[in-house]
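The next block holds one structure in the form of structure tokens; read it before the comments.
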Amino acid sequence: MLPAPPRRPCSPMSLSHHHPAFELIAALRGASCPSSALRLYSLLRIRVRPTDPSRFAWRPAVLVLKPLSAAASLPLLSHFHAHLLRSNLLAYPHVASSLLRCYSLLSPALAHHLFDQIPPSTCNLVVVNVMLGSLCRSSDLASARAFFDGIPDKDVVSWSTMLTCYFSHSRLAEGLAFFRTMTFTTQLAADYVMLVTVLTGCASAGLLPVSCRAIHGYVVRREITFTMHLGTALINCYSKAGRLDYASRVFLRVPLRNVMHWTAMICGTAVHLGSEEAIRLFEEMSLSGVQPNEMTFTALLSACGHAGLVDQGRLFFELMVDKYGLEPTIHHYGCIVDLYAKAGKLEDAYKVIKAMRMEPNTIIWSSLLAACKKFKNFDIAGEGMEKVLTMEISEENSGLYALISDLYAMGGRWEAVIRVRRLMEERNVRKIRGSSSIKVGELTYWKKIRMVHGDDLRAYEYIIN
DNA sequence: TTAGGGTTAG
């Protein structure tokens, strides 16, 4: 029989700095590698027993689970899981939800299995929401939605998690409708995290600035805390919707502009005013004493790629590593590969892929392969094509199959062309034709667009979505 | 700042 977790939170006194575990807890919070976290945890176990009637009882376990999930080691996690079972710590919802989250990132199937074993007394809404998040990341949209529908007292996190699920499955219109359903049919108010999700969805859908203004209005009317993320998301949304003027108005009104606000503004500026102007803004940011982060360099490298500024891009990459000591992520490599590839420097692009410290993904390969097709270089494409065919290709990247098939045809490798076609049939890939969309009032028109004079768009062959 | 949801490359 598990001891019941304390029903009431402990009094502030028991959380005071005088608790013998306080310093160890602080050290554990800062621990990033699992071995040091586990060492501190063992020391803590001597000071804090699981029966300790304070929040200290479960906190060490929660804190140790963070570095443990980052280490991505299933054996280590199941070892700690066994300890949690032995010491009855899993009876605390805080511990159960943290463990479930760890499993969901490493093995969704094991997460599901663990969830089924959590007793009702422990399975509160947080635990259920973690499970929903796990389903959203690992399962299909319909299963996640069915689980969501079964949650009795949903809170804003439940709705927010489900909304993210729609967007991550590229179901933007349904996601926005889902958001409207929450605001119209429940008493729940969207908080700033949910609004960041909505704004990001609007931005990626390229909706008219009206949607951004509507969300902006919601933020103002409901007096929602104007956090850094919310400010950044608004700037992004406005600039992606083509209203750099509104974006900069938000930017200028942010009281403490930090690196994220600047980066969002640099992105928008690169698109609307060009790379030179974006680089100028970066210099202005540096002069104002704000340090760039990895996302700032992603924005700059991407801007250089669009403008074909190969040397400038390479300089930024070096600056990022040498001056700012930032480790290049897969996004930076992606930008650099694209930069070289678009400029026709296919060998340089390929060298970057070879030198990467992580496994290149389908986005990176498709940059290279698209350029190989454009510059009619079949030789460099070879290894990439074989590699990509062994990888999982998401539905939105299904164009990769056609690209590879074209490249093989270009090289006269007809047996490989047939192999790719067969693979497409086996994997049930539908050919998705290129399309564009615009939004007019409440309707989205998917169509081919022909530019007539500047902004004058004449649409034909449209299908109302 | 304290178990759960949110931002970057084609």
Side-chain angles (χ1 to χ4, degrees), chain A residues 5 9 15 25-26 28-29 55-56 58-59 61-63 65-66 89-90 92-102 104 122 124-134 136-137 148 151 154-165 167-168 190-201 203-204 227-237 240 259-261 263-264 266-267 292-306 313 328-339 341-342 360-371 396-397 399-400 403:
Chain A
L15 281 176
I25 296 261
L28 188 53
R29 186 176 289 121
R55 280 202 272 171
F56 280 111
W58 53 261
R59 201 180 302 180
V62 167
L63 288 173
L65 279 165
K66 272 194 198 297
L89 279 166
L90 260 188
Y92 291 96
H94 295 72
V95 178
S97 60
S98 300
L99 182 71
L100 187 64
R101 207 182 110 76
C102 279
S104 82
T122 306
N124 66 8
L125 187 54
V126 175
V127 176
V128 171
N129 284 342
V130 172
M131 188 59 216
L132 175 63
S134 178
C136 286
R137 279 186 298 271
F148 170 84
I151 302 174
K154 306 176 209 11
D155 67 358
V156 70
V157 178
S158 322
W159 283 85
S160 191
T161 306
M162 193 62 223
L163 178 65
T164 307
C165 194
F167 288 161
S168 66
D191 63 1
Y192 79 90
V193 175
M194 190 173 202
L195 292 171
V196 167
T197 307
V198 177
L199 283 167
T200 309
S204 67
T227 61
M228 182 263 285
H229 286 298
L230 195 47
T232 305
L234 264 175
I235 293 169
N236 265 328
C237 192
K240 291 239 170 75
V259 63
M260 291 304 296
H261 301 116
T263 300
I266 288 171
C267 276
N293 67 10
E294 57 178 42
M295 284 186 218
T296 318
F297 283 102
T298 303
L300 289 168
L301 293 174
S302 156
C304 291
H306 288 301
T329 66
I330 199 152
H331 299 117
H332 301 121
Y333 285 118
C335 290
I336 287 286
V337 168
D338 196 55
L339 181 74
K342 276 213 179 82
N361 58 17
T362 51
I363 294 178
I364 289 186
W365 283 121
S366 66
S367 278
L368 182 74
L369 294 180
E396 62 176 23
N397 290 327
L400 256 172
L403 179 58

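Just so we're on the same page: letters track the sequence lines, and every chain starts at 1.
- Comparing B:dG6 with B:dT2, their P atoms sit 16 Å apart, to the nearest whole Å.
- Comparing B:dT8, B:dG10, B:dT7 by their nearest atom to the side chain of A:Thr298 picks out B:dT8.
- Atom CG in A:Asp338 sits roughly 6 Å away from atom C1' in B:dG10 (whole-Å rounding).
- Rounded to whole angstrom, the span from the CD1 atom of A:Ile336 across to the C1' atom of B:dT8 amounts to 15 Å.
- No side-chain N or O of A:Thr232 forms a donor-acceptor pair with one of A:His229 less than 3.5 Å apart.
- Counting heavy atoms from C-beta outward, A:His94 and A:Val126 have side chains that stay 4.5 Å or more apart.
- No engagement by A:Leu230 is indicated, since no non-hydrogen atom pair under 4.0 Å with the nucleic acid exists.
- Dashed line: the shortest gap from a side-chain N or O of A:His261 to OP1 or OP2 of B:dT7 is not under 4.0 Å.
- To the nearest 0.5 Å, the span separating CG on A:Leu199 from CD1 on A:Ile235 amounts to 11.0 Å.
- Per the geometry, CG belonging to A:Asn361 stands 13 Å off C1' belonging to B:dT8, to the nearest Å.
- For A:Asn236 and B:dT7, the CG to C1' distance is 7 Å, given to the nearest whole Å.
- Side-chain atoms of A:Ser97 and base atoms of B:dA3 include a donor and an acceptor less than 3.5 Å apart.
- Computed from coordinates, the A:Tyr192 OH to B:dT1 C1' distance equals 10 Å when rounded to whole Å.
- Within 4.0 Å (heavy atoms only), A:Lys154 reaches no atom of the nucleic acid at all.
- Closest contact between the side chain of A:Thr227 and the listed nucleotides B:dA3, B:dT7, B:dG6 involves B:dG6.
- Distance from the side chain of A:Arg101 is smallest to B:dG5 among B:dT7, B:dG10, B:dG5.
- Rounded to whole Å, atom C1' of B:dT1 lies 11 Å from atom CZ of A:Arg59.
- Within 4.0 Å of A:Met162, counting heavy atoms only, lies no atom of the nucleic acid at all.
- Across B:dG6, B:dG5, B:dA9, the shortest atom-to-atom separation from the side chain of A:Val156 is found for B:dG5.
- Judged as a side chain to side chain contact (heavy atoms under 4.5 Å, CB included), and not counting sequence neighbours, the contacts of A:Thr200 are A:Val196.
- Considering every non-hydrogen atom in both A:Leu125 and A:Ser158, the closest pair reads CD1-OG, 4.0 Å.
- Candidate nucleotides B:dT8, B:dA9, B:dG10 were compared by shortest atom distance to the side chain of A:Thr200, and B:dT8 ranks first.
- Looking at heavy-atom distances under 4.0 Å, A:Val130 makes contact with sugar-phosphate atoms alone, never a base.
- You'll find that the side chain of A:His331 is closest to B:dT8, out of B:dT8, B:dG5, B:dG10.
- At B:dG10, one or more side-chain N or O atoms of A:Ser302 fall inside 4.0 Å of OP1 or OP2 (strictly under the cut-off).
- Between A:Ile336 and A:Tyr333 the shortest side-chain heavy-atom distance does not fall below 4.5 Å.
- For A:Glu294, the listed nucleotide lying nearest its side chain is B:dT8; candidates were B:dA9, B:dG6, B:dT8.
- Computed from coordinates, the A:Arg137 CZ to B:dG5 C1' distance equals 10 Å when rounded to whole Å.
- For a distance-only test at 3.5 Å, the side chain of A:Ser160 qualifies as a donor-acceptor partner of the base of B:dG5.
- Taking every side-chain heavy atom of A:His229 into account, B:dT7 is the closest of B:dT7, B:dA9, B:dT8.
- Residue A:Pro292 comes nearest to A:Val259 through the heavy atom pair CA-CG2, 3.9 Å, listed as atom of the first residue, atom of the second, then distance.
- Comparing atom distances between the A:Val193 side chain and each of B:dG6, B:dG10, B:dA3 picks out B:dG6 as nearest.
- Each of B:dA9, B:dA3, B:dG6 was ranked by its minimum atom distance to the side chain of A:Ile363; first place goes to B:dA9.
- Across the protein-nucleic acid pair, A:Phe167 atom CZ and B:dT8 atom C1' stand 18 Å apart, rounded to whole Å.
- Nucleic acid contact class of A:Asp191 (heavy atoms, under 4.0 Å, all strands): base.
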